[in-house]
Engineer: 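Take a look at this one; I'll ask things after.
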Amino acid sequence: MTEQRVIAIANQKGGVGKTTTSVNLGASIAERSFRVVVVDLDPQGNASTGLGIDYHNLDTSIYEVLVHDAPIEDCIEPTSYRNLFVVPSKLELAGADVELVTAFNRERKLQRALESIKEDFDFILIDCPPSLGLITVNALTAASEVVVPIQCEFYALEGLGQLMRNVKLVKDNLNPVLEVTSIVLTMFDPRTKLSQDVVAQVREHFGDLVCQTVIPRTVKLSEAPSFGQSILTFDPTSRGAVAYRELAEEVINVNKT
């Protein structure tokens, strides 16, 4: 890999599989011998705990990096996976949108922090919070690519137009290289007509942006985070593990326009 890639995993809707995708995509790419760091930008810290990190006992997190300019290298934590690291979050991050309002160059805090570790990783995956506030703007300003998870449910496309407009605003004003490169269909249940209809609808709307791999709705994918594991460790032969390995292949080989 000649150039390291910074990918924001974003959708302002909650419960669409952003964190599940960040954790399992990160583990699947790391399994392919790329060095990967997952930056947890969600105050709930689910990506951190999903990778086995207890953020309650940490002195430094992404909150200190964004709000107090702590060096990001001080809070990179190794996981139990070879080549996979995490920059953990914690609950204080919930107030960071307000704390950053008066900060100089507030939209570029994350971008500037990542400069010092860019040489160390092939992929930086940013797990965005379920909002379009200043924290997400920081992620979109720091990234060159956006991966958008969409759940195969009734209101799948609701709010997606707003996300696309925000990506365009950031591209026009802050980050000219930003592109949505992949849309990932998650929580697919092949037994329901609704799931199949949503897949067809999203593919019709977005064409080649939509990944061929569809992530199934499975109990194992839901259970894995409570054990601090990715699906690759929790149940390596499950449908979810197979799907995320296939998704990793697509993301690694995506052609950025």
Side-chain angles (χ1 to χ4, degrees), residues 4-26 28-29 36-48 50-51 62 65-66 86-89 93-94 96-97 100 106-111 113-114 123-153 155-187 202 205-206 209-211 213 215 244 247-248 250-251 254 256-257:
Q4 145 278 357
R5 290 165 62 186
V6 184
I7 303 173
I9 298 172
N11 187 332
Q12 75 270 27
K13 285 189 72 174
V16 299
K18 283 189 298 293
T19 298
T20 301
T21 296
S22 299
V23 166
N24 293 304
L25 181 60
S28 299
I29 294 173
V36 182
V37 61
V38 175
V39 179
D40 189 352
L41 276 191
D42 191 337
Q44 294 178 73
N46 290 339
S48 306
L51 287 169
I62 195 64
V65 173
L66 294 178
V86 63
V87 174
S89 176
L93 190 64
D97 267 348
L100 286 172
R106 59 191 183 184
E107 300 90 357
R108 297 191 184 277
K109 286 278 196 173
L110 181 61
Q111 181 188 46
L114 292 177
F123 285 83
I124 297 174
L125 304 184
I126 307 171
D127 184 29
C128 295
S131 71
L132 289 175
L134 196 46
I135 298 297
T136 298
V137 169
N138 261 270
L140 296 177
T141 304
S144 55
E145 304 172 49
V146 187
V147 169
V148 184
I150 300 180
Q151 82 282 35
C152 295
E153 291 172 1
Y155 292 113
L157 294 175
E158 187 183 79
L160 197 60
Q162 185 62 49
L163 176 66
M164 294 300 199
R165 284 191 291 275
N166 276 54
V167 169
K168 186 176 186 307
L169 275 172
V170 172
K171 180 181 173 73
D172 291 347
N173 294 287
L174 293 162
N175 182 8
V177 302
L178 187 66
E179 299 285 351
V180 174
T181 52
S182 303
I183 292 173
V184 181
L185 290 152
T186 63
M187 305 180 193
V202 173
H205 267 77
F206 295 103
L209 275 182
V210 186
C211 293
T213 305
I215 307 299
Y244 273 109
L247 179 65
E250 286 195 65
V251 170
V254 76
K256 186 166 178 278
T257 53

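What you see below is based on every heavy atom in this structure, not just the backbone, and it leaves out hydrogens, waters and symmetry mates. Numbering of residues begins at 1 and proceeds along the displayed sequence.
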Engineer: Are the side chains of Thr213 and Tyr244 in touch, meaning some heavy atoms are under 4.5 Å apart?
Structural biologist: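 They are not in side-chain contact.
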Engineer: Roughly how far, to the nearest 0.5 Å, is the CD atom of Gln12 from the OG1 atom of Thr136?
Structural biologist: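 Answer rounded to 0.5 Å: 8.5 Å.
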Engineer: How long is the straight-line distance from CG of Asp97 back to CG of Leu134, given to the nearest 0.5 Å?
Structural biologist: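 Atom-to-atom, Leu134:CG and Asp97:CG are 5.0 Å apart.
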Engineer: Which value, rounded to the nearest 0.5 Å, describes the distance between Leu140 atom CG and Asn175 atom CG?
Structural biologist: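 Taking CG in Leu140 and CG in Asn175, the distance rounds to 8.0 Å.
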Engineer: What distance do Thr21 atom OG1 and Leu125 atom CG have between them, rounded to the nearest 0.5 Å?
Structural biologist: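 CG of Leu125 is found 10.5 Å from OG1 of Thr21.
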Engineer: Within the 4.5 Å heavy-atom criterion, are Lys18 and Lys13 side-chain neighbours or not?
Structural biologist: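 They are not in contact (no side-chain heavy atoms under 4.5 Å apart), so the answer is no.
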Engineer: Evaluate side chain to side chain contact (heavy atoms under 4.5 Å, CB included) for Val137 paired with Leu174, printing each intermediate quantity in order.
Structural biologist: CA-CA 9 Å; Val137 169; Leu174 293 162; 4.0 Å; yes
Engineer: Less than 4.5 Å apart, side chain to side chain, heavy atoms only: is that true for Ile62 and Leu110?
Structural biologist: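 In contact.
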Engineer: Are any side-chain N or O atoms of Asn11 and backbone N or O atoms of Leu160, one a donor and one an acceptor, separated by less than 3.5 Å?
Structural biologist: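 No, the answer is negative, given that no donor and acceptor are paired below the 3.5 Å cut-off.
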Engineer: Between CG of Asp172 and CZ of Arg165, what distance do you get to the nearest 0.5 Å?
Structural biologist: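 Result: 13.5 Å between the selected atoms.
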Engineer: Check Ala248 against Leu25 and note the closest heavy-atom contact, atom names and distance.
Structural biologist: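 Reported closest heavy-atom pair: CA-CD1, 3.6 Å.
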Engineer: Would Thr19 and Asn46 count as having a side-chain donor-acceptor pair, cut-off 3.5 Å?
Structural biologist: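 Short answer, no.
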Engineer: If only atom types and distance count, is the side chain of Thr186 paired as donor or acceptor with the main-chain N or O of Val16 below 3.5 Å?
Structural biologist: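 The answer is yes, because a donor-acceptor pair under 3.5 Å joins these two groups.
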Engineer: State the CD1-CG distance between Ile7 and Asp127, to the nearest 0.5 angstrom.
Structural biologist: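 Reported value, rounded in 0.5 Å steps: 13.0 Å.
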Engineer: With a 4.5 Å limit on heavy-atom distance, are the side chains of Ile124 and Ile126 in contact?
Structural biologist: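 With C-beta onward as the side chain, the pair touches.
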Engineer: Determine whether Leu66 and Leu41 make a side-chain contact, defined as any pair of heavy atoms from C-beta on separated by less than 4.5 Å.
Structural biologist: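 A side-chain contact exists here, since the closest heavy-atom pair is under 4.5 Å.
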Engineer: Is the closest side-chain heavy-atom distance between Leu247 and Cys211 below 4.5 Å?
Structural biologist: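 SC-SC contact between Leu247 and Cys211 confirmed.
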Engineer: Any donor-acceptor pair under 3.5 Å linking the side chain of Ser182 with the backbone of Val147?
Structural biologist: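 Side chain of Ser182 to backbone of Val147, a donor-acceptor pair under 3.5 Å: no, none is there.
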Engineer: Check whether any side-chain heavy atom of Leu132 sits under 4.5 Å from a side-chain heavy atom of Leu163, and report yes or no.
Structural biologist: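 Yes; the side chains approach each other to less than 4.5 Å.
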Engineer: May I ask you to check whether over 12 heavy atoms, not counting those of Glu107, lie within 6.0 Å of atom CD?
Structural biologist: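 Result for CD/Glu107: enclosed.
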Engineer: Any non-hydrogen side-chain atom of Val254 less than 4.5 Å from a side-chain atom of Glu145?
Structural biologist: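 Yes - at least one pair of side-chain heavy atoms lies under 4.5 Å apart.
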